[in-house]
Protein chains: 2
Amino acid sequence: MGNEPLLRFRLDRHSGLPVYRQLVDQVRQALRLGILHPGDQLPSVRDVVEQVAINPNTVHRAYRELEHQGLVEGQAGRGTFVRRSLPGLTKQHDALQRRLTAWLASAHAAGLDDEAIEAMVARAKESAEREERS
Amino acid sequence: MGNEPLLRFRLDRHSGLPVYRQLVDQVRQALRLGILHPGDQLPSVRDVVEQVAINPNTVHRAYRELEHQGLVEGQAGRGTFVRRSLPGLTKQHDALQRRLTAWLASAHAAGLDDEAIEAMVARAKESAEREERS
DNA sequence: CCAACTGTACTAAACATATAGTACAATAGG
DNA sequence: CCTATTGTACTATATGTTTAGTACAGTTGG
């Protein structure tokens, strides 16, 4: 059946991050953001292969890693399903999400590119760390 | 001489990013943030080795990559020096930096951990992309 | 039962990354 | 000139990542 997948993977070939790691991260993010819930089915190994043009072994490695973390469970013949969720973002955090999105829009409007924004985020995190040590 | 280095590298062993890539990124960030300027000297290969306990070859690879990008120049017997800068953050962007730092503080106060914050940033970026395509 | 789907297992090879160890050449300071 | 510093070059090795290819076993729907 032409069932729409809950999750679409996107690879960044320039990020330097291993592919299997990008897949793991994106599933964890989907759990955080409430896109995936316990019982939901992940895209099949072969679907992912078609979608992002990588080797089945790499997808399997990512799913195996997620299984090892207790987040999903693979069932031969059926698919891979979410087992538990992660401390997620509730409606209480909607305001935060909106503020951040607004900030990003301002940054783009100011002509900052992705790397410049990354630099700002990194600096902000450092400031936060310094704050915590006092 | 006990000269303080302009730049201190910090490695994240769990990030999945190759070490040499982390070094490259941090130098580029320092250029963006105005921490490094043309003519400035990078920490010597052997200094970095002592600081973060990695192999000299790895440091050299990072510096070679930066040289290939035209950002620095290695001079045998003297050191490695910044050649040009990158489109940086001027005082016009101070307001943006402050807003972001404030946002991060709010997020921490709301009990969000690093991964949850990463998820929020990722979602915000996706929203921004969707916006651009209209 | 059969066909089509699922996850899983395995070997082999290629490539990327990081290490260890040694050595050499250029520069600066005494 | 001598010495300590710098970047650079090279081989070899280990580990991690990805690919190719083949095969098998469980599940579902007709």
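In the text below, chain A, chain B and the rest are named by the order of the sequence lines, each starting its count at 1. Reckoned from all heavy atoms, side chains included, excluding hydrogens, waters and symmetry mates.
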Side chain of B:Val19: nearest nucleotide among C:dG7, C:dA18, C:dT19?
-> C:dA18
In residues 57-70 of chain B, which ones come under 4.0 Å of DNA chain D, going by heavy atoms?
-> B:Asn57, B:His60, B:Glu67
Could you tell me how far apart [X] ([atom1]) and [N] ([atom2]) are, to the nearest whole angstrom?
X	N	atom1	atom2	result
B:Arg21	C:dT17	CZ	P	9 Å
B:Gln75	C:dA28	CD	P	8 Å
B:Asn55	C:dG21	CG	C1'	9 Å
B:Phe81	C:dT27	CZ	P	12 Å
A:Arg78	C:dA4	CZ	C1'	16 Å

Under-4.0 Å salt bridge between [X] and [Y]:
X	Y	value
B:Arg83	B:Asp40	no
B:Glu73	B:Arg78	no
A:Lys125	B:Glu118	yes

Nearest-nucleotide check on DNA chain D, A:Ala76 vs A:Tyr20; residue mapping nearer the 5' end is A:Tyr20
Of A:Gly16 and A:Glu73, the one whose nearest nucleotide on DNA chain C sits closer to the 5' end is A:Glu73
Using only side-chain N and O atoms of A:Arg46, determine if any of them is under 4.0 Å from OP1 or OP2 of C:dC5.
-> no
For the atom pair CG (B:Leu33) and CD (B:Gln29), what is the distance rounded to the nearest 0.5 Å?
-> 6.0 Å
Heavy atoms from other residues, nucleotides or ligands near CD of A:Glu50 exceed 12 (cutoff 6.0 Å) | no
Outermost DNA chain D nucleotides near chain A [under 4.0 Å, heavy atoms] | D:dT17 to D:dT28
Is there a donor-acceptor pair under 3.5 Å between the side chain of A:Thr58 and the backbone N or O of A:Ile54?
-> no
For the pair B:Glu67 (side chain) and B:Gly74 (backbone), establish whether a donor and an acceptor sit closer than 3.5 Å, ignoring hydrogens and angles.
-> yes
Verdict with reasoning, A:Ser15 to A:Gln22, per side-chain hydrogen bond (donor to acceptor under 3.5 Å, both in side chains) | CA-CA 9 Å; A:Ser15 71; A:Gln22 294 186 40; 3.2 Å; yes
Distance-only side-chain donor-acceptor flag, A:Gln69 / A:Arg28, under 3.5 Å = yes
